[in-house]
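For reference, the structure discussed in these notes is given below.
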Protein chains: 2
Amino acid sequence: MDSELALKTWFRMLSNTALIEHELRTLFVSEFKVTLPQFDLMAALHYAGGSEKMSALSKWMKVSNGNITGVVDRLERDGLVERQPLPEDRRVKIISLTEAGAEVFERMARRHKEWISGLLAEISEENLEQLHLQLVQVSKTIKRNIQ
Amino acid sequence: MDSELALKTWFRMLSNTALIEHELRTLFVSEFKVTLPQFDLMAALHYAGGSEKMSALSKWMKVSNGNITGVVDRLERDGLVERQPLPEDRRVKIISLTEAGAEVFERMARRHKEWISGLLAEISEENLEQLHLQLVQVSKTIKRNIQ
DNA sequence: CACTAATATTTCATACATGAAATATCAAGC
DNA sequence: GCTTGATATTTCATGTATGAAATATTAGTG
């Protein structure tokens with residue numbers, strides 16, 4: 001196995017990801033004053049049907065509990081999400097999108113999709129399909145080699 | 001152009017990168033007590049021939065000046081790099097790997113390559129070659145669409 | 001030579017990110 | 001009912017990250 005090729009491929013994957021992330025962060029902040037982690041958390045809430053426990057967010061987003069606390073703090077301060085108690089278990093906090101948060105999220109999700117497809121626009125459907133399949137394979141391989 | 005496919009491909013690229021980065025971070029910290037950004041900075045110094053100006057590091061690593069200051073502070077504290085003045089321009093600081101830093105870097109670079117090729121081990125040479133080529137194309141496309 | 005521009009680095013306020021410790025609550029078994 | 005252990009969240013110390021302001025120095029211009 002050619003470990004130089006593996007390394008080159010990894011560096012390219014890393015730099016592509018960094019480029020796109022940097023661009024997305026800039027766009028989100030300038031158009032919505034929302035950071036990427038904040039958008040990710042709102043997306044997690046959206047796909048969970050609107051509300052979720054702190055611990056479930058932490059697991060889903062694969063970040064630490066402490067991290068979620070901070071991101072939710074700032075989103076709450078900005079009126080995009082709210083914390084509610086769960087009567088039957090007073091340890092739990094339920095986080096949900098506020099009305100304003102849900103409205104902003106819809107607009108952000110639409111723009112996000114436009115931005116991504118804009119960045120990858122000139123890649124042919126066929127190539128993109130093939131790339132996606134390969135990335136799925138890579139994902140399986142990595143997961144096998146990590147556990 | 002299928003923007004759902006573009007989005008799926010992006011998510012897969014992002015999650016693969018996050019998985020590998022997480023694994024590398026864990027391995028670097030447990031085996032060398034060095035963080036990923038610290039390794040990256042040492043790698044930049046190594047490939048620059050051993051020493052470099054702060055501003056050149058910032059440009060090369062595509063991070064802000066303030067960030068470089070902090071990473072260098074901690075590497076200096078741990079004895080892996082040192083700051084030296086440049087007599088002919090007293091604004092400049094030259095950062096270089098110490099003897100200890102260079103020695104540790106050699107070991108880290110070797111392990112890094114082993115880890116990456118280990119993670120991607122079961123991917124055939126042919127598939128890896130193809131993936132690399134596609135990622136290079138993606139890189140060109142993105143850069144065209146960002147400027 | 002004095003003034004202004006530009007360049008190099010650090011400092012600051014803010015926001016992530018981690019893992020470990022602290023706090024609060026619940027659940028199970030005696 | 002009380003202890004013990006598990007679960008949920010927050011707090012803390014540390015290390016990235018950004019962009020803007022502050023500082024120091026150099027270079028260019030009248």
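The sequence lines fix the lettering, A, B, ..., with proteins before strands; numbering per chain opens at 1.
- In the set dA17(D), dT10(D), dT10(C), the nucleotide with an atom closest to the side chain of N65(A) is dT10(D).
- Closest to the V71(A) side chain, of the nucleotides dC16(C), dA8(C), dT10(C), is dC16(C).
- OP1 or OP2 of dT9(D) sits under 4.0 Å from a side-chain N or O of S55(A).
- Across all strands shown, G70(A) has no heavy atoms under 4.0 Å from either base or sugar-phosphate atoms.
- The side chain of D89(A) approaches dC26(C) more closely than any other nucleotide in the set dT26(D), dA8(C), dC26(C).
- Closest to the side chain of R91(A), out of dC26(C), dT16(D), dT18(D), is dC26(C).
- Dashed line: the shortest gap from a side-chain N or O of R83(A) to OP1 or OP2 of dT9(D) is not under 4.0 Å.
- For V63(B), counting side-chain heavy atoms from C-beta on, the closest listed nucleotide (dA15(C), dT18(D), dT18(C)) is dT18(D).
- The shortest distance between the side-chain N/O atoms of R90(A) and the OP1/OP2 oxygens of dC26(C) is below 4.0 Å.
- Atom CG in N67(A) sits roughly 14 Å away from atom P in dT9(D) (whole-Å rounding).
- In the set dA17(D), dG15(D), dT9(D), the nucleotide with an atom closest to the side chain of T35(B) is dG15(D).
- Nucleic acid contact for K62(B): sugar-phosphate only, since backbone atoms but no base atoms lie under 4.0 Å from a heavy atom of the residue.
- For dT18(C), the paired nucleotide is dA13(D), the pair qualifying as Watson-Crick or G-U wobble because both relevant distances are below 3.5 Å.
- Aromatic pair F28(A)/W115(A): centroids less than 6.0 angstrom apart.
- Set against dT9(C), dA8(D), dC16(C), the side chain of K93(B) has dT9(C) as its closest nucleotide.
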